[in-house]
Amino acid sequence: AMMATVGYLIGESTPTITYGMNIHHTIANDQIPEVPGTVLFPFFLAINIAEALRASIGWVEPGLGPLFTLRETYYPGDIGFDP
């Protein structure tokens, strides 16, 4: 995590050969709002669907048992998909 932080900070302020040595780089935190909503909406929708499926596979539904409990047959990370 510390190396990632250093890489993030240095990557933000260091010119690279790829983009040219004299081109000012945009800040990574400002790049997401620059992406059109027509691209972001399907991306975030896919993430939400994947998380909802993962939660429905691993967690007991509210009302069928104590809250925040895993299913007896569920092993964390095993959602029945292995590419």
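Sequential numbering from 1 along the given sequence is applied to the chain's residues. Values below: all heavy atoms of this structure, side chains included; hydrogens, waters and symmetry mates excluded.
Chaining together hydrophobic side chains whose heavy atoms lie under 4.5 Å apart places Val60 alongside Leu64.
Looking at Trp59 and Thr69, their side chains never come closer than 4.5 Å, going by heavy atoms from C-beta outward.
Considering only residues two or more places apart in sequence or on other chains, Glu72 meets the salt bridge (Lys or Arg N to Asp or Glu O under 4.0 Å) condition with none of them.
For the atom pair Leu70 CG and Ile57 CD1, the distance stands at 12.5 Å (nearest 0.5 Å).
Residue pairs satisfying the salt bridge (charged side-chain N to carboxylate O under 4.0 Å, His left out) criterion with at least one member in residues 61-71, sequence neighbours excluded, are listed as follows: Glu61-Arg71.
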Distance-only criterion, 3.5 Å: show the donor-acceptor pairs between side-chain atoms of residues 38-52 and protein atoms not counting sequence neighbours.
residue : atom : partner : partner atom : Å
Asn48   : ND2  : Phe44   : O            : 3.1
Glu51   : OE1  : Arg54   : NE           : 3.1
Glu51   : OE1  : Arg54   : NH2          : 2.8

